[in-house]
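Working notes, structure below.
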2 protein chains.
Amino acid sequence: MADTFINNPSFFKLDATLKKLRNYWQKMFDSRQMDITVDQWLLVENLYKHKKTTHNELARNTSKDITTISRIIELLVKKGLVKREADIYDRRKVYLQLTPDGTEKYKQVKPLVHEMRKTGWKSLTEADYAELTRILDTIYGNIPTKI
Amino acid sequence: MADTFINNPSFFKLDATLKKLRNYWQKMFDSRQMDITVDQWLLVENLYKHKKTTHNELARNTSKDITTISRIIELLVKKGLVKREADIYDRRKVYLQLTPDGTEKYKQVKPLVHEMRKTGWKSLTEADYAELTRILDTIYGNIPTKI
DNA sequence: GTAAAATAGTTGCTATAACAACTGTTGCTA
DNA sequence: TAGCAACAGTTGTTATAGCAACTATTTTAC
């Protein structure tokens with residue numbers, strides 16, 4: 001029948017792939033003494049691109065919960081990679097940006113990440129990338145935001 | 001240049017899609033008072049299919065760490081959905097299987113899961129499923145197991 | 001102009017993820 | 001057969017994920 005894909009565990013496959021990727025990244029980070037976790041890296045990368053942003057924006061950009069952002073940022077601040085700065089006009093807001101050490105960390109880790117991306121995409125094409133993007137975007141769009 | 005896909009955050013897209021799926025599933029479970037988490041469900045589903053298995057097998061089948069299995073099983077045992085049974089011949093081994101309540105839970109949740117899978121795949125085809133599988137399997141295979 | 005609602009962020013709690021270290025058991029090997 | 005490696009599982013610790021409840025501001029509504 002036509003429902004093979006409904007009955008198959010794509011959730012599981014997504015999860016397994018992501019987990020293997022995450023573990024690979026983390027082990028590479030550890031073996032090169034990068035002293036950073038995968039999710040911490042994702043925030044550093046985002047802060048490098050956006051220079052100055054808030055917890056909320058960061059949450060939207062990284063698809064993470066704002067409480068998770070809050071806690072990861074806390075760790076990055078402790079490591080001296082990120083600094084917080086209060087908004088003068090809206091005292092609820094806190095701007096986040098990389099410190100010089102944070103920028104340094106970004107430049108140190110970036111080439112390794114580039115290599116790992118190449119490794120992951122080995123023997124796949126630009127068309128494959130487009131396909132994956134299309135399918136994942138479709139699934140993403142199919143899921144109701146409110147139930 | 002030809003490296004669009006290398007420079008693009010497919011990791012992020014995988015993560016975002018999976019997270020949205022997981023949240024959707026969890027919210028549906030909660031709204032129907034299924035009293036189960038997504039990962040607990042994955043183990044229950046697996047135990048239903050394999051009837052009698054060990055922590056190790058379950059870890060392999062679900063792509064989860066054995067420590068994670070150990071803790072999720074602990075919760076399922078507390079909920080009365082799973083029971084442990086010692087192997088007579090190898091006293092290190094513990095067999096796991098669903099209790100009658102566990103089987104009941106499976107039958108209760110299964111239709112909802114089927115519906116949610118249909119929702120996720122809406123407007124996608126069998127060919128899309130094959131493509132996604134191929135691409136994810138390739139990425140999975142590309143990642144070194146040992147670094 | 002004040003009360004209510006919305007916004008920004010933090011903290012408490014529970015669950016999943018993974019590494020390290022541990023107990024206990026079994027199998028292997030000199 | 002004694003010693004040690006391998007195996008099965010658990011426990012401790014740190015990190016991410018997300019909900020609920022909270023503080024503190026700002027905006028909106030009347």
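A, B, ... follow the sequence lines: proteins, then strands. Residue 1 opens every chain. Keep in mind that what you see is a predicted model, and the values were worked out from it rather than measured. Below, all heavy atoms of this structure are taken into account, side chains as well, without hydrogens, waters or symmetry copies.
Atom CG of A:D87 and atom P of D:dA24 are 19 Å apart (whole Å). B:E57 places its CD atom 15 Å from the P atom of D:dC7, with the value rounded to the nearest Å. Rounded to whole angstrom, the span from the CD atom of B:E74 across to the C1' atom of C:dT16 amounts to 15 Å. Atom pair B:I69:CD1 and C:dA17:P shows a separation of 9 Å (rounding to whole Å applied). B:Y95 has its OH atom 12 Å from the C1' atom of D:dA8, to the nearest Å. Taking atom CZ of B:R60 as the reference point, atom P of D:dC7 lies 11 Å away to the nearest angstrom. In this structure, CD1 of A:I66 is placed 16 Å from P of D:dA20, rounded to the nearest angstrom.
Donor-acceptor pairing under 3.5 Å is lacking for the side chains of B:N61 and B:E57.
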List the protein contact pattern of nucleotides 12-19 of chain D with one symbol per nucleotide (5' to 3'): B for base contact, S for sugar-phosphate-only contact, - for none; contact means a heavy-atom distance under 4.0 Å.
BB--SBBB

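Put simply, the side chain of A:T133 gets close to the backbone of A:Y129: a donor and an acceptor are under 3.5 Å apart.
In this structure, C:dA30 and D:dT1 make a Watson-Crick or G-U wobble pair, each of the two defining distances being under 3.5 angstrom.
Each of A:T37, A:T17, A:D39 was checked for a side chain to side chain donor-acceptor pair (under 3.5 Å) with A:R22, and the lone residue meeting it is A:D39.
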Using a cutoff of under 3.5 Å, can you pull out all pairs of nitrogen or oxygen atoms linking the protein to nucleotides 26-29 of chain C, with atom names and distances?
unit_1: C:dT26; atom_1: OP1; unit_2: B:R91; atom_2: N; d: 2.9

Would B:T54 and B:N56 count as a side-chain hydrogen bond (donor to acceptor under 3.5 Å, both in side chains) if you check the C-alpha gap in whole Å, the side-chain angles of each, and the deciding distance to 0.1 Å?
CA-CA 5 Å; B:T54 62; B:N56 250 319; 5.6 Å; no

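The side chain of B:N56 contributes an N or O atom lying less than 4.0 Å from OP1 or OP2 of D:dG9. Side-chain N/O atoms of A:H55 include none lying less than 4.0 angstrom from OP1 or OP2 on C:dA8.
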Under 3.5 Å, sequence neighbours excluded: what are the donor-acceptor pairs made by side chains of residues 96-103 of chain B?
unit_1: B:Q97; atom_1: NE2; unit_2: B:E85; atom_2: OE1; d: 2.7
unit_1: B:T99; atom_1: OG1; unit_2: B:G80; atom_2: O; d: 2.6
unit_1: B:T99; atom_1: OG1; unit_2: B:L81; atom_2: O; d: 3.2
unit_1: B:T99; atom_1: OG1; unit_2: B:D101; atom_2: N; d: 3.4
unit_1: B:T99; atom_1: OG1; unit_2: B:G102; atom_2: N; d: 3.0
unit_1: B:T103; atom_1: OG1; unit_2: B:T99; atom_2: O; d: 3.3

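Side-chain atoms of A:M28 and A:E115, non-hydrogen and from C-beta on, never get closer than 4.5 Å to each other. Put simply, the side chain of A:W41 reaches to within 4.5 Å of the side chain of A:V113, judged on heavy atoms.
For the pair B:K51 and B:Y48, the distance from NZ or CZ to the six-membered ring centre is under 6.0 Å and the angle to the ring normal is within 45 degrees.
Nearest approach of A:F29 to A:V38, heavy atoms of both residues: CE1-CA, 4.0 Å.
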